[in-house]
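By convention in this document, chain letters (A, B, ...) are assigned in the order of the sequence lines, proteins followed by strands, and residues within each chain are numbered from 1. For the numbers below, each heavy atom of this structure counts, side chains included, while hydrogens, waters and symmetry mates do not.
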Number of protein chains: 2
Amino acid sequence: MSTTTGQRPMRADARRNYERLLAEAKASFLEHGADASLEEIARRAGVGIGTLYRHFPTRLALQEAVYRVEMDELAAKAYELAETAPPEEGLTAWILTISQYSRKKRGLTQTLKAVIDLQSETFVRCHEDIEQAAETVLTRAQEAGTARPDLRPCDVLRLAHALSVASERAPEDTELLLSFMMDGLRPRS
Amino acid sequence: MSTTTGQRPMRADARRNYERLLAEAKASFLEHGADASLEEIARRAGVGIGTLYRHFPTRLALQEAVYRVEMDELAAKAYELAETAPPEEGLTAWILTISQYSRKKRGLTQTLKAVIDLQSETFVRCHEDIEQAAETVLTRAQEAGTARPDLRPCDVLRLAHALSVASERAPEDTELLLSFMMDGLRPRS
DNA sequence: TTGCCAACCGGAGGCTACCTCCGTATTGTT
DNA sequence: AACAATACGGAGGTAGCCTCCGGTTGGCAA
C-alpha cells in the first residue's frame, strides 16, 4: 500500500522494485484491463513473480495502489473546478471528468466502483477523499439552486460511474446521457 | 445459437447434451458470475469439455445462448407493462425490472451491456427485440407527455443498465437514483 | 573495512483453466 | 444389419495463479 512499512523505511532494492512494479502495473492495466497477467507485469518490471506477491499480496492490492494516485488526481480536479467554474457547470464538468477517466480504464470501472461503494477497510480512506471532493462541487451547485437539496455526494459518484459504464461503447452519446442526468439533478420546478 | 442447424434437426444425443449444457451454464453463471469455469459446467452436465466447445465455440457464445431466453422475458415484461400500467409508471417499472434482473447476475451485467451496445452480428437480433420493447414503453410515456421527446429507446436501456451497475452494492438506494433519472427523462418545464 | 543478519529476491512447482485435436462411439437411414 | 454421417470425450500443450524456501543483498555496527 505505502512505500514504507510505517516503521523503518524500505530497503533500497525493495523500494526500487516496488516502484517498477507499480509503473508496469499501471501500464498493463491500461493495456489489458483489470485482469492483466500478474506474471507479465512482474516480467516487464524485471522482477520475479514472488517479489510481486510480496509487495502486493492480492491483485486487488496492486490495483488499489495504482488507483490511489489517480483518485487523488480526480479529487484535485474537483477542487480546481470549484474555483474556476460556475456551480452547475462545475458539477457537470466533474461528472464528465470521472466518466472519461473511468472509460480510459476499460474493465477497471469495476475497481473504481469498489472504491466508491465497497466498505472495504483499505478503500475507506480513498473513499473519504473522493467523497469530500464530490461534496465540494455538489454543495456549490446546491447553494446556487441548480441541484436538488436531497442529492448526496455518493449519489453524484454513482451517477458519474453509471454514466461511464452506460456510454462505454457509445462515447458519442455521453453528452446526451449526461444532459438527462443533469436535468434529473435539478430541483423539481 | 439455435438448437437446429437451420438445415437438418440435431441428432438426439446432440440435442440432449446441448440442453444439459445450457441448464448447467445458467446455474453456474448465476452462482459464479460470468467467468465460471467452463470445464466445471461440462463436468456438471456430465459431458466432455470437447462437447461443450463444439456446441459453444466461445464463452460468449454460451453466455449468449443463456441470455437469449432471459432477454425474451424482459421484452415480454415490457409489453405486459404497456397494457397494465399507466405510461410513466410503466417506464419506471420497466427500468427497475431490467435493473433488478441485471443485479441478480452479478458480473454478467457486462454481458448485458454487450447485448445493448455491441454491434456484434450475433447480438443484433436480441438487440432489436429488446429495443422494440423499450420503444413500446417509451413511446407511451412520451405520448402522455411524461418523457422527453428526444429520448431514444437505447437511451432507456443504457440508463437502466447504468442504474443497475451504480446501485449494485447499495440496492437500498436504487429507488432514489431511479427518481433522479426519471426526473431527468421528463420534458423540460 | 569487514562481517553479520535481517530483509529481500527469484523462480520452481503444484494447481486449475483454457482450448484443440483426433480416435472412438452413437445415431438413424437404406 | 450394415454403413456413413454425426457427435462424443478426454488427453495434452499452454498459460496464469499463488506458495514456499534456498540463495542473495543491503545497511549497520565494530
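Taking A:Thr51 as the reference, A:Asn17, A:Leu21, A:Val47, A:Arg54, A:His55 meet the side-chain contact (heavy atoms from CB on, under 4.5 Å) condition, with sequence neighbours excluded. Remark: A:Arg16 engages no residue in a side chain to side chain donor-acceptor pair (under 3.5 Å) (not counting sequence neighbours). In this structure, A:Arg59 has no salt bridge (charged side-chain N to carboxylate O under 4.0 Å, His left out) partners at least two apart in sequence or on a different chain. Checked against salt bridge (charged side-chain N to carboxylate O under 4.0 Å, His left out), B:Glu39 has no partners two or more places apart in sequence or in another chain.
The phosphate of C:dC9 has OP1 or OP2 within less than 4.0 Å of a side-chain N or O from A:Asn17. For the pair A:Thr51 and C:dG10, the criterion of a side-chain N or O lying under 4.0 Å from OP1 or OP2 is met. A sub-4.0 Å separation between OP1 or OP2 of D:dG16 and a side-chain N or O of A:Arg43 is present. Between B:His55 and D:dA7 there is no side-chain polar atom (N or O) within less than 4.0 angstrom of OP1 or OP2. Applying the 4.0 Å criterion to OP1 and OP2 of C:dC18, one finds that B:Ser37 has a side-chain N or O inside that range.
Distance A:Leu52 CG to C:dG10 P: 11 Å, rounded to the nearest Å. Note: CG (A:Leu38) to P (D:dC18) measures 7 Å, nearest angstrom. In this entry the distance linking CZ of B:Arg16 with P of D:dG9 reads 9 Å, nearest Å. When rounded to the nearest whole Å, the span between OH of B:Tyr53 and C1' of C:dC22 equals 17 Å. At whole-Å resolution of the value, CE in B:Met10 and P in C:dG28 are 12 Å apart.
With contacts defined as side-chain heavy-atom distances shorter than 4.5 Å, the pair A:Phe56/A:Leu22 qualifies.
Side chain of A:Ala12, nearest nucleotide from D:dG16, D:dC8, D:dG26: D:dG26. Which of D:dC8, C:dT20, D:dT25 sits closest to the side chain of A:Asp13 comes down to D:dT25.
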Strictly under 3.5 Å: I want the nitrogen or oxygen pairs between protein and nucleotides 4-6 of chain D, one per line.
{"from": "D:dT6", "atom 1": "O2", "to": "B:Arg11", "atom 2": "NH1", "distance (Å)": "2.3"}

Write out a two-atom table: protein N or O, nucleotide N or O from nucleotides 13-15 of chain C, distance below 3.5 Å.
none

- request: Test salt bridge (Lys or Arg N to Asp or Glu O under 4.0 Å) on A:Glu31 and A:Lys26 and set out the steps.
  value: CA-CA 9 Å; A:Glu31 192 172 341; A:Lys26 185 171 177 175; over 6 Å; no

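Within the 3.5 Å criterion, the main-chain N or O of A:Arg43 finds no donor-acceptor partner in the side chain of A:Glu24.
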